[in-house]
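A short write-up of the structure that comes next.
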Amino acid sequence: MKDILPDQSARWQRLEQTFRDIVSRYGYGEVRTPLLEATELFVREIGEDTDVVAKEMYSFERHDDKLTVRPEGTAGAARAYVQHNVQAVEPVSRWYYLGPMFRAERPAKGRYRQFHQAGCEIYGDPGPGCDAEMIAMCSEVVRALGVADFVIHVNSIGGGATRARYREALCAYFEPHKDALGEDSRRRLDTNPLRILDSKDPKDRAIAAGAPSVVDVLAPEDAAHFAGLRRILDELRVPYLVDPKLVRGLDYYTRTLFELKIVSGELGAQDALLGGGRYDEMIGHLGGKKPVPAIGFAMGIERVLEVTAGDELGPGPACYFAPLSEAAHGKALGAARDLRRAGLWCEADCRGLSLKAMLRRANSMRASFAAIIGDDELASGEATLKDLGGHGQERVTLAGLAQAVAERVRGRGTAG
Ligand code: HAM
C-alpha cells in the first residue's frame, strides 16, 4: 500500500480528469458504492476457487456480518444496480467508477495490496457492437493518457453451454497430467478446470500450453457473437490480437474477454493495464427481476502511471512573494490574497530567509515571478517584480502588485 503525496497526486488528478472527460462523452455516469460489501457477494460472483477469493480478500466479521473490503468494483456495482432496480427505469445504463481496491497479493512491480481502478460497466446491451465500442473506448482512454505501445487481446469463452463443453475438454486433457500439476491446480481439476489456465506456477503453465482452445468448442451463437465483435473492431480500425489463451482470473465472465497489455514488458508478467469482459449472468444471479446482459472493464491506475512516468512537470505558481523583513509580511500576504482572488496560485514566504535563499526557493518551485518587498520598496510603496524566466525586473506599486502579476501571467498564457 502506498502513500500518494501532493507532488504525485497532481498526476493522479490529471489521469482521473482525462478518464472522466472521455467516458462522460460516451454517456457514462459515476457510481460510488461502499468499500465494504457482504463477503458472500464476492464469493458467489467472482468464484470461490479464484485466487482473488481464495487467497486475496481482506475479510472480517463484525456484529454477525461477514464483510470484505472490495477487491474489485464489478460485483458491488451490479449489487447496487439490482438493489435499486435500475433496469425498471432505463433499458441501458452506463456507469463508471474510480477508487481503491484491496487484494492481499504477493507484492511485485505493478502489484499492490491497495491499488486503484478506473472502471466502466454497461448493463442492458447484449450485442457485439457494445463490446466493440467499449474496447475502442479503452484504446482511446489509454492513448489519451500517453500510452502508445499496447496490444488489445480479445477472446471469447462463450456462454453456459460452451463452458460446460470446454470444462469437459479441459478435464480430459489435464487428467493424464494430474500428478505433475501443482496442488491448487490438482484441486481445480475437480472444481474449476478453467482456472488451471491462469495458474502462475511455471510447471502448470507448461502443461496448460498444450490445452485445447476454447474457440474449438464455441457454440454457434457464441461464435457468431465473437465474429461480430471482430468485424466491428476491424471496421472501427481498432487493432487487436485474438488470444485463445486469454481466460482472466474471475469466474463471472461469459463470451467476450479482453485485456490491454503494454508491449515493452515494463511491468513484467503483470503487464495488463486493463482487463474486462462480458458477464451476462451476474444480474440474474444476484436476483435481478430478469436477466440483464452486462460488460465492463477496469484499468489499473498505478500501472498506467508507471508506464507513463517521466511525464512533464506541472506548472509552478504565478508568483512567489518575498518580503525581506517582518514589516513587509502584511503587504506580501495581502498581495498574495488578492492574486488568489484573481484565480492564480501564489505563495508568500514569511520565514525570514535571505533574498538569495528566497530566490532559490522561487526558482525551485518554478514560479513565474518573484515579488520582492524590502525596506527600500516599502518606503516608496512599491515592490520589485522579477521575471524568473530571465526577462529582467521592474518596480510596480504595492497597491497594483497583484493585478500587475495577473496581467503579465495571463498575457503569457502560462503558469498559475
Ligand atoms: P482485473 O483484471 O482483476 O479485473 O483488474 C483490472 C486491472 O486492475 C488489471 O488489469 C490491473 O491493471 C489492475 N490491478 C489488478 N490487481 C492489481 C494489483 N494488485 N495492483 C495493481 N493493479 C492491479 C477486474 O477487477 C474486473 N472487475 C474488471 C471488470 C469490470 N470486468 C468487468 N467489469
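Since this is a predicted model, take the numbers as computed values, not measurements. We're numbering straight along the sequence, starting at 1. In each ligand, atom 1 is the first atom listed, and ligand 1 is the first ligand listed.
Scanning all protein heavy atoms for the shortest distance to atom 8 (O) of ligand 1 gives Gln117 NE2, 3.2 Å. Scanning the protein for heavy atoms near atom 11 (C) of ligand 1, the closest one is Arg303 NH1, 3.4 Å. Scanning all protein heavy atoms for the shortest distance to atom 1 (P) of ligand 1 gives Arg248 NH2, 3.6 Å. Atom 20 (N) of ligand 1 has Tyr112 N, 2.9 Å as its closest protein atom, hydrogens excluded (heavy atom only). In this structure, atom 27 (N) of ligand 1 lies nearest to the protein heavy atom Glu72 OE1, 2.6 Å.
Side-chain atoms of Thr18 never come within 3.5 Å of backbone atoms of Leu145 as a donor-acceptor pair (strictly under, hydrogens ignored). No side-chain donor-acceptor contact under 3.5 Å links Arg167 to the backbone of Pro193. Under the 3.5 Å distance criterion, the side-chain polar atoms of Asp387 are matched with a main-chain donor or acceptor of Gly389. At distances below 3.5 Å, not a single donor-acceptor pair connects side-chain atoms of Ser185 with backbone N or O atoms of Leu181. Checked by atom type and distance alone, the side chain of Arg188 pairs as donor or acceptor with a backbone atom of Asp49 at under 3.5 Å.
With atom 19 (N) of ligand 1 as the reference point, the heavy atom nearest to it among Arg278, Arg103, Glu105, Glu259 is part of Glu105. Of the candidates Phe115, Tyr252, Phe102, Phe297, Tyr252 brings a heavy atom nearest to atom 26 (C) of ligand 1.
The closest approach between any non-hydrogen atom of Gly119 and ligand 1 is not below 4.0 Å.
Annotation: Glu121 places an N or O atom under 3.5 Å from an N or O atom of ligand 1; distance criterion only. For ligand 1, none of its N or O atoms has an N or O atom of Ala298 under 3.5 Å away. Looking at ligand 1, you'll find an N or O of Tyr253 within less than 3.5 Å of one of its N or O atoms. Geometrically, ligand 1 and Leu273 share a nitrogen or oxygen pair separated by less than 3.5 Å. Residue Glu302 places no N or O, backbone or side chain, under 3.5 Å from any N or O of ligand 1. Taking distance alone, with nitrogen or oxygen atoms compared against 3.5 Å, Gly300 approaches ligand 1 more closely than that limit.
Taking the centre and axis of the six-membered ring of Phe226, the NZ or CZ atom of Arg230 falls inside the cone set by 45° and 6.0 Å.
Annotation: Tyr279 is in aromatic contact with Tyr252 [ring centroid separation under 6.0 Å]. Ring-centre distance between His177 and Tyr173: below the 6.0 Å cut-off.
We find that Lys245 and Asp243 are not joined by a salt bridge, their nearest charged nitrogen and carboxylate oxygen being 4.0 Å or further apart. Note on Glu281 versus Arg255: no salt bridge recorded, every NZ/NE/NH1/NH2 to OD/OE distance being 4.0 Å or above. Salt-bridge formation is not detected for the pair Glu302/Lys109: no Lys NZ or Arg NE/NH1/NH2 atom is positioned less than 4.0 Å from an Asp or Glu carboxylate oxygen.
Counting atoms of ligand 1 from 1 in the listed order, those under 4.0 Å from a heavy atom of Leu250 are 4 (O), 24 (C), 26 (C). Each of the atoms 10 (O) of ligand 1 lies under 4.0 Å from some heavy atom of Leu274. Near Ala272, with a cut-off below 4.0 Å to any heavy atom, the atoms of ligand 1 are 10 (O), 11 (C), 12 (O). In the vicinity of Gly276, heavy-atom distances shorter than 4.0 Å reach the ligand 1 atoms 31 (N). Per-residue contacts place Gly110 under 4.0 angstrom from the following atoms of ligand 1 (heavy atoms of the residue considered): 20 (N), 21 (C), 22 (N). Less than 4.0 angstrom separates some heavy atom of Thr74 from each of these atoms of ligand 1: 26 (C), 27 (N), 29 (C), 30 (C), 31 (N), 32 (C), 33 (N).
Here the closest heavy-atom approach between residue Ala132 and residue Ile232 is recorded as CB-CG2, 3.6 Å.
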